[in-house]
Amino acid sequence: MITPRDDVALMQGYHSPQVDVAVRLNTNEAPDAPPEAWTSALSSALQDIDWNRYPDRAATELRAAIGALHGVGPEQIFVANGSNEVLQTVMLTFGGSGRTAAVWEPTYALHSHIARITGTAVVEGVRAEDFSTDLAEVRRVINAAKPEVSFLCSPNNPTGVVDDETTVRSVLEMVTAVDGLLVVDEAYGQFAPWSADVLIGDDVPLVVTRTFSKTWSMAASRLGYLVGPEWIVTELDKVVLPYHLDAFKQVAGTLALAHVDEMNERVSRLVEERGRLVSRLSGLNVDVWPSGANFVLFRPRAVDGSDVWQRLVDRSVLVRNCSSWPRLEGCLRVTIGTSGEDDLFLSALEEALQ
Ligand SMILES: *Cc1c(COP(=O)(O)O)cnc(C)c1O
């Protein structure tokens with residue numbers, strides 16, 4: 001009987017458990033629906049799609065609109081079905097058998113998972129005690145393994161820590177010195193004070209990935225992208241399947257970009273709400289990490305993290321249980337919701353910590 005590739009057979013799949021609850025604060029989705037003007041513009045645009053034809057393979061209009069957002073041309077934008085597919089395409093292009101990717105844990109589990117699926121070896125370094133990027137450790141890993149691809153995640157999921165510009169510049173120098181590629185995953189970039197997109201240049205081996213899933217309230221549409229040098233985008237376009245981006249998604253994304261102001265207002269609202277949540281959490285018997293994203297990592301001090309997670313579920317509140325992840329013993333991650341949802345979470349948490 002046919003068996004999967006040996007390394008695939010040994011792999012654990014990626015799981016994000018869903019439980020039927022009233023308050024879902026476990027996957028960092030936006031708490032609000034997209035603007036109504038977007039929904040109605042989308043339904044009328046649907047009438048105009050030539051459904052019998054393949055979509056625009058180059059997704060030119062969408063790439064131009066995204067490029068405008070970052071001050072670059074469409075030739076510097078690669079678009080795919082969620083930023084996970086962007087990452088997968090990067091790994092199919094620059095990783096693979098005989099090549100290596102580097103990550104610094106704890107970080108987004110899919111970086112190493114996707115790398116392994118593409119047959120790329122993974123080397124794991126560690127973050128500092130406070131989960132910031134430890135440049136000495138990054139240097140150690142890069143010099144030892146000379147990885148083709150190095151991943152930073154800023155703000156980092158699940159810790160919320162933002163790498164500052166000096167840090168990213170330093171890592172970029174180390175990566176450049178070994179002829180590698182630096183991927184900065186900015187799935188939560190809009191919630192942070194700066195973006196590594198300012199460092200992008202023709203002869204700079206840097207790409208920045210973004211997604212419509214979080215800030216843009218469009219997780220259901222599965223749309224993500226990358227900003228980088230044109231030559232890298234050209235290589236990615238060779239690797240991705242033809243017509244991978246359907247016409248509906250292209251229209252949805254292009255129309256969304258006509259609502260940048262509303263999106264920015266939501267970001268400000270969530271950042272403000274994050275401040276409120278952090279200060280309320282600081283008054284409870286938990287450790288809290290500062291976050292530059294739309295979620296907050298915390299650790300109950302007196303009660304086991306998994307017990308608190310279960311008690312929250314019993315009160316119909318779902319957060320992400322990170323307590324079995326390396327270095328995150330006892331930690332939980334809560335997504336910033338509406339202030340109503342966050343109040344329900346806080347009162348459930350107060351009870352759960354008793
Ligand atoms: C949510 C998330 C993504 C996103 O994924 P999509 O495939 O675009 O939904 C990528 N990176 C990080 C760090 C994330 O948290």
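In what follows, every heavy atom counts, from backbone to side chain, and hydrogens, waters and symmetry copies are set aside. Atoms within each ligand, like the ligands themselves, are counted from 1 in listed order.
- A cation-pi arrangement, defined by a distance under 6.0 Å to the six-membered ring centre and an angle within 45 degrees of its axis, is absent between Arg210 and Tyr225.
- Residue contacts with ligand 1, taken as heavy atom pairs separated by less than 4.0 Å, involve Cys153 solely via side-chain atoms from C-beta onward.
- Below 4.0 Å from some heavy atom of Thr211 lie the following atoms of ligand 1, by number and element: 6 (P), 8 (O), 9 (O).
- The pair Glu137-Arg140 counts as a salt bridge, with a side-chain nitrogen and a carboxylate oxygen less than 4.0 angstrom apart.
- The proximity of Asn84 to ligand 1, defined as any non-hydrogen pair under 4.0 Å, involves the side chain as well as the backbone.
- Remark: distances from the non-hydrogen atoms of Glu85 to ligand 1 are all 4.0 Å or more.
- Applying the 4.0 Å criterion to heavy atoms of Ser213 picks out, from ligand 1, the atoms 6 (P), 8 (O), 9 (O).
- Looking from atom 7 (O) of ligand 1 to the surrounding protein, the closest heavy atom is Arg222 NH2, 2.7 Å.
- Residue contacts with ligand 1 include Gly82, since one of its heavy atoms falls under 4.0 Å from the ligand.
- For ligand 1, the polar-atom distance check against Asn81 finds no nitrogen or oxygen pair separated by under 3.5 Å.
- For ligand 1, none of its N or O atoms has an N or O atom of Asn28 under 3.5 Å away.
- A side-chain N or O of Gln310 and one of Asp314 form a donor-acceptor pair less than 3.5 Å apart.
- The option from Phe151, Tyr188, Tyr108 that lies nearest to atom 15 (O) of ligand 1, judged by heavy atoms, is Tyr188.
- Scanning all protein heavy atoms for the shortest distance to atom 11 (N) of ligand 1 gives Asp185 OD2, 2.7 Å.
- Between Glu29 and Thr27, the side chains place a donor N or O and an acceptor N or O closer than 3.5 Å (distance only, hydrogens not considered).
- Counting heavy atoms closer than 4.0 Å to ligand 1, residue Lys214 contributes side-chain atoms (C-beta onward) but none from N, CA, C or O.
- Residue His111 has no nitrogen or oxygen atom sitting less than 3.5 Å from a nitrogen or oxygen atom of ligand 1, judged on distance alone.
- With ring centers used as reference points, His113 lies 6.0 Å or more from Tyr108.
- If you check the side chains of Arg301 and Asn285, you find a donor sitting under 3.5 Å from an acceptor.
- Only one option out of Thr211, Asn28, Asn294 pairs with Tyr188 in a side chain to side chain donor-acceptor pair (under 3.5 Å); it is Asn28.
- Under 4.0 Å from ligand 1, heavy atoms of Ser83 appear from its side chain as well as its backbone.
- Side-chain contact check for Phe248 versus Leu42: some heavy-atom pair is nearer than 4.5 Å.
- Annotation: side chain of Cys331 is in contact with side chain of Trp289 (closest heavy-atom distance under 4.5 Å).
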